[in-house]
K.L.:
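I'd like to ask you about the structure that follows.
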Amino acid sequence: MSFSPIQTGTTTAPTWTSGTAPTGSGEVQGKLGGHTVTALATPPHASLGEELRATPQPASGRSLQERTVTTAPQAPVALRREALATPTALRDTVGEPKRDWKLFGITVLHRSTGYKEVLNKLESFHQAAGSDRAPAPPTTPESRKAYAEGQIHKLSQELGELERSCDAYAQGNSRHSHRDDIALLKSQVQAQRAQLDGLRDQIGREGMPEGLSVADARAFSQHKPPLSLQDIRAVTTELRASGMNPAELQAGVERLFSLPLDGESLVQAIKLKMPEGLAQQYAQTGVPIRPETAGLAFNDKALDRSPEAGGGLTKLGSGAVNTVFKGHYQLSDGTRFTGVFKPSVPGGAQPDAVSASGINTDRPVMEQRNVAVHRLDQHLGMGVTPKAEIGVHEVDGQQRMGLVMSFAPGLSPLKSGDVVVTLSPEKRAELSASPELATAYAREKGFVDGKLVEGGIQLINSMEVENMDGDTTVQEKDAFVAFDFSDPVLREKTTDLQWLDALCGQVDRHGHNYIVQQGADGRVTGVIGIDNDIAFGDQLTHPNDVNPAAMRSRTGESPPFKGCVLPQVVSTKTATALLAMTPDKMLELMGPGFTPGEQAAAQSRLGAIQTHVRDLQAKGQVAERTEDWGSERVGSLLGMGTTDALTQLETLRSQPRTPAVNRQIQALEEQISNVSYVARESSILAEVRTSRQQPLLDPRSVR
């Protein structure tokens, strides 16, 4: 189904092109936009949809205020399917009731009486539900409210009768063979009564929109996510304000409400004249459409298209499922920003950690999770994540929504695949004179091979592997960058990242997805966490849940998480910022798109973190200055002291590997990995230096 921005003159109202016309009660089928649609019949008298189509088209120059248009549309056909089974559907499942036995026209044996009663009450409800428009539409807010409340009361009574007939069937003849089917029908009845109760409450607070029937309101409340009367009023008001005539209004509603968007997202989509394809991307990812998520700052108009800036959006690289672009932005406040744009790819398999942390894999809202992590980081003043915003760009002729992130120069402790290291002119001349020495040089450092390139040598750490099908794939191995984890800046900023991950419920922090930044003198200047999307799952109700051992201890599950437990040391600045955070501020910074469960889990983690910080303050485990992070005491609190598990581990690794020694090593490795990122990476570095099973890189030479 093609879709262009909703504008006057671009759409027509959908009509039944074939099939049975929707009259009376029961179900009907017809063609809508080339698709076969099954729906409940509309009432026998004129519906609002028919009313709109019958309204003479106004002159193009007349304003909407001069037109005779109701303020609310009929629910789209696609929404008018009942959540409650129809008599036809029940017969299809249970079968026809048994016929009574008659003799000479006199009934001598009544059969299926309980089932027939259920069918009769079900038919009665659907007749009432399909005939809920007043012969003369109420003209005042008071009369509309009174009429709607009367209809709801009538439908509630019908449902009560139907529920009693279901109970009678269940309590009747022991030979009744479809108790489960009738029990399911009863559960549907109870859900319908709850829906009507909610609708009655809304009408009591807000009144009933003009032109909307109770049937329409019930249909809209069955939208995913449900649409309230306030949502419907806001959407249709915005549609009318855009200059639509009645037929265009109805057609626009038919198309927009086919998307699983909340009411505010629908309003924003109309205001922005958003193409349906782009709105579908938001719906599929779960990212709500709001001014801050609609790409109003990061879009094609904001790109610097000068030749020096590359002429606009340029391809940076392609992965297995996505292409990444680079853009130079001129923001509205005059600042310039260079970012990477990663278009969203809705659908597809998600890592196991996503579902294990309680994130909906169908609509994971990954882009918004990245943005939320950065906003919390900025508010806390840590500066350990790249800038992240949602942007919209045209890619291959189509508007695409995705994530815009700032560049984060630096090196990760773990580097996959090939790397290039700089060489002194003398060393390069030596290797150039004897090319075979390049291979020897690379293998001496633990790499597969090496070849000279401009300014240095490319150390090859990937190899082709043939699988069982005979296909060849490239397997990238890891190299470890030998950072000095006693550096105070590295310790402080890595620990800040650990605190932020605990607050956000980030479960995928490992040596590949944070970057250590260095100055020209080789000193560490900062740490930046990247790939911040597997965060804020609703299963992470305690900050230590990001650690697999802690989660296993609490729930018995063994999730594929890579986080650590809460640190045993905190900087004065970070402690102050964490304690100043309020639960409401936490939700404000997270922004839209998160479920109530995810919001509650985030607030729970905040509370536990604040309790832990106060405990550290009471113990004197707060580092006031950056220099303090280089001390032996802080190192010990991070799991790196001279008498702790790290020293024991190094001793064990030097011993012959017996099964008992291996078990001790494994237990100590897990213990160290639980404490801090600093201790975990220090442990890996020590093992690499001892075993030489993994290439080791000097951070000052890699480029």
K.L.:
What pair of heavy atoms forms the shortest contact from Val365 to Gly286, and how long is it?
P.N.:
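Nearest heavy atoms, Val365 then Gly286: CG2-O, 3.7 Å.
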K.L.:
Would you compute the distance between atom CD of Glu161 and atom OG of Ser156 and round it to the nearest 0.5 angstrom?
P.N.:
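It comes to 12.0 Å.
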K.L.:
Report yes if some heavy atom in the side chain of Leu403 is under 4.5 Å from a heavy atom in the side chain of Asp533; otherwise report no.
P.N.:
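Not in contact.
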K.L.:
Hey, could you give me the CD1/CG distance between Ile182 and Asp167, rounded to the nearest 0.5 Å?
P.N.:
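So the gap between those two atoms works out to 11.0 Å.
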K.L.:
For Gly95, is there any backbone N or O sitting under 3.5 Å from a side-chain donor or acceptor partner on Tyr115?
P.N.:
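A pair under 3.5 Å: yes.
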K.L.:
So, taking the atom named CD in Gln350 and the one named OG in Ser355, what distance separates them when rounded to the nearest 0.5 Å?
P.N.:
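It comes to 9.0 Å.
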K.L.:
Counting distance only, does the side-chain N/O of Gln603 pair as donor-acceptor with the main-chain N or O of Pro583 below 3.5 Å?
P.N.:
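Here the side-chain-to-backbone pair exists.
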K.L.:
Give the intermediate values and the outcome of side chain to side chain contact (heavy atoms under 4.5 Å, CB included) for residues Val235 and Ile270.
P.N.:
CA-CA 8 Å; Val235 171; Ile270 299 163; 3.7 Å; yes
K.L.:
Any side-chain heavy atom of Asp538 within less than 4.5 Å of one from Ile359?
P.N.:
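No, too far: nothing below the 4.5 Å cut-off.
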K.L.:
Is it true that atom CD of Glu206 has more than 12 heavy atoms of other residues, nucleotides or ligands lying nearer than 6.0 Å?
P.N.:
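Counting neighbours around CD of Glu206, more than 12 heavy atoms of other residues, nucleotides or ligands fall under 6.0 Å, so yes.
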K.L.:
Establish, from distance only, whether the side-chain atoms of Ser344 and Gln281 form a donor-acceptor pair under 3.5 Å.
P.N.:
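Their side chains do not contain a donor-acceptor pair, so the 3.5 Å distance test is not met.
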K.L.:
If you round to the nearest 0.5 Å, how far is NE2 of His379 from NE2 of His374?
P.N.:
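Separation between the atoms: 13.5 Å.
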K.L.:
Which salt bridge (Lys or Arg N to Asp or Glu O under 4.0 Å) pairs, counting each pair once, include a residue from residues 359-371, with sequence neighbours left out?
P.N.:
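Only Arg369-Glu598 qualify under salt bridge (Lys or Arg N to Asp or Glu O under 4.0 Å).
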K.L.:
Are a donor atom and an acceptor atom from the side chains of Gln195 and Ser221 found within less than 3.5 Å of each other?
P.N.:
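Result is yes, a qualifying pair exists.
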K.L.:
Do any N or O atoms from the side chain of His126 and from the backbone of Ala85 form a donor-acceptor pair under 3.5 angstrom?
P.N.:
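Checking the backbone N and O of Ala85 against the side chain of His126, a donor-acceptor pair under 3.5 Å is found.
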K.L.:
Determine yes or no for a side-chain-to-main-chain donor-acceptor pair under 3.5 angstrom, with Ser357 supplying the side chain and Gly537 the backbone.
P.N.:
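The answer is no, because no donor-acceptor pair under 3.5 Å joins these two groups.
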K.L.:
Under the 3.5 angstrom rule, does the side chain of Asp300 hit a backbone N or O of Glu394 as a donor-acceptor pair?
P.N.:
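Here the side-chain-to-backbone pair exists.
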K.L.:
Minimum heavy-atom separation for Pro226 and Asp231, please, with both atom names.
P.N.:
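So the two residues come closest at O-OD2, 4.0 Å.
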K.L.:
Is it the case that the side chain of Ser604 and the backbone of Ala600 share a donor-acceptor pair, with hydrogens and angles ignored and the cut-off at 3.5 Å?
P.N.:
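No; judged by distance alone, with no hydrogens or angles, the pair does not exist.
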K.L.:
Taking all non-hydrogen atoms of both residues into account, name the closest pair between Leu162 and Val118 and its distance.
P.N.:
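That would be CD1-O, 3.7 Å.
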K.L.:
Looking at Leu229, is its backbone amide N or carbonyl O close enough to the side chain of Gln202 to form a donor-acceptor pair, meaning the two atoms are under 3.5 Å apart?
P.N.:
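Yes, because the side chain of Gln202 sits within donor-acceptor range (under 3.5 Å) of the backbone of Leu229.
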K.L.:
Applying side chain to side chain contact (heavy atoms under 4.5 Å, CB included) to Asn360 and Thr595, what does each step give before you reach the verdict?
P.N.:
CA-CA 10 Å; Asn360 183 342; Thr595 67; over 6 Å; no
K.L.:
Working to the nearest 0.5 angstrom, can you tell me the gap between Leu296 CG and Ile390 CD1?
P.N.:
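It comes to 11.0 Å.
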K.L.:
Would the number of heavy atoms belonging to other residues, nucleotides or ligands and lying under 6.0 Å from CG of Asp396 be above 12?
P.N.:
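Incorrect, the count does not exceed 12.
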K.L.:
Counting C-beta onward and ignoring hydrogens, is there a side-chain heavy-atom pair between Leu606 and Thr582 closer than 4.5 Å?
P.N.:
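The answer is no; the side chains never approach within 4.5 Å.
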K.L.:
Kindly determine whether Phe298 and Leu303 satisfy side chain to side chain contact (heavy atoms under 4.5 Å, CB included), including the steps that lead there.
P.N.:
CA-CA 8 Å; Phe298 294 90; Leu303 286 173; over 6 Å; no
K.L.:
Considering residues at least two apart in sequence or located in another chain, which fulfil the ring pair (Phe, Tyr, Trp, His ring centres under 6.0 Å) criterion with His542?
P.N.:
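Per chain and number, His542 pairs via ring pair (Phe, Tyr, Trp, His ring centres under 6.0 Å) with no residue.
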K.L.:
Provide the closest heavy-atom pair for Ile534 versus Gln506 in the form atom of the first, atom of the second, distance.
P.N.:
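Taking every non-hydrogen atom into account, O-OE1, 3.3 Å.
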K.L.:
Taking all heavy atoms of Arg218 and all of Leu196, pick out the closest pair and write down the distance.
P.N.:
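What the structure gives for the nearest pair is CD-CD2, 3.8 Å.
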K.L.:
Considering residues at least two apart in sequence or located in another chain, which fulfil the ring pair (Phe, Tyr, Trp, His ring centres under 6.0 Å) criterion with Phe594?
P.N.:
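Testing Phe594 for ring pair (Phe, Tyr, Trp, His ring centres under 6.0 Å), a comparison that skips the adjacent residues, returns Phe536.
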K.L.:
Indicate the atoms forming the closest heavy-atom contact of Cys504 with Ala535, along with that distance.
P.N.:
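Closest approach of Cys504 to Ala535, heavy atoms only: O-CB, 3.5 Å.
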K.L.:
Leu376 and Met581: side chain to side chain contact (heavy atoms under 4.5 Å, CB included), yes or no, with the steps?
P.N.:
CA-CA 10 Å; Leu376 281 161; Met581 177 81 75; 3.7 Å; yes
K.L.:
Counting only N and O atoms by type, is there a donor-acceptor contact under 3.5 Å from the side chain of Asn120 to the main-chain atoms of Glu123?
P.N.:
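Side chain of Asn120 to backbone of Glu123, a donor-acceptor pair under 3.5 Å: no, none is there.
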K.L.:
According to the interplanar angle, ranging from 0 to 90°, do the rings of His393 and Tyr329 count as parallel (below 30°), tilted (30 to 60°) or perpendicular (above 60°)?
P.N.:
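Aromatic pair His393/Tyr329 classed tilted.
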K.L.:
Looking at Thr541, is its backbone amide N or carbonyl O close enough to the side chain of Asp545 to form a donor-acceptor pair, meaning the two atoms are under 3.5 Å apart?
P.N.:
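It does hold such a pair.
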K.L.:
Check whether any side-chain heavy atom of Phe341 lies under 4.5 Å from a side-chain heavy atom of Val395, and answer yes or no.
P.N.:
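A side-chain contact under 4.5 Å exists here.
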K.L.:
Quick one, Tyr147 and Val214 - any side-chain contact, counting heavy atoms below 4.5 Å?
P.N.:
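Result no, sub-4.5 Å side-chain heavy-atom pair not found.
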K.L.:
Should the pair Arg290-Asp262 be classified as a salt bridge under the 4.0 Å nitrogen-to-oxygen rule?
P.N.:
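Result for this pair is yes, salt bridge flagged.
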K.L.:
Within this structure, what is the CD-CD distance for the pair Gln268 and Glu264, rounded to the nearest 0.5 Å?
P.N.:
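If we round to the nearest 0.5 Å, Gln268:CD and Glu264:CD are 6.0 Å apart.
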K.L.:
Examine distances only and state if a side-chain atom of Tyr282 and a backbone atom of Thr293 form a donor-acceptor pair shorter than 3.5 Å.
P.N.:
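Checked: pair present.
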K.L.:
Are any of the side-chain heavy atoms of Glu276 and Ser258 separated by less than 4.5 Å?
P.N.:
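SC-SC contact between Glu276 and Ser258 confirmed.
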K.L.:
Decide, yes or no, whether a salt bridge links Lys145 with Glu142 under the criterion of side-chain N to carboxylate O below 4.0 Å.
P.N.:
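Looking at Glu142 together with Lys145, the answer is no, because their closest N to O distance does not fall below 4.0 Å.
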K.L.:
Between Lys121, Gln192, Arg193, which is the residue that forms a side-chain hydrogen bond (donor to acceptor under 3.5 Å, both in side chains) with Glu163?
P.N.:
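That would be Arg193.
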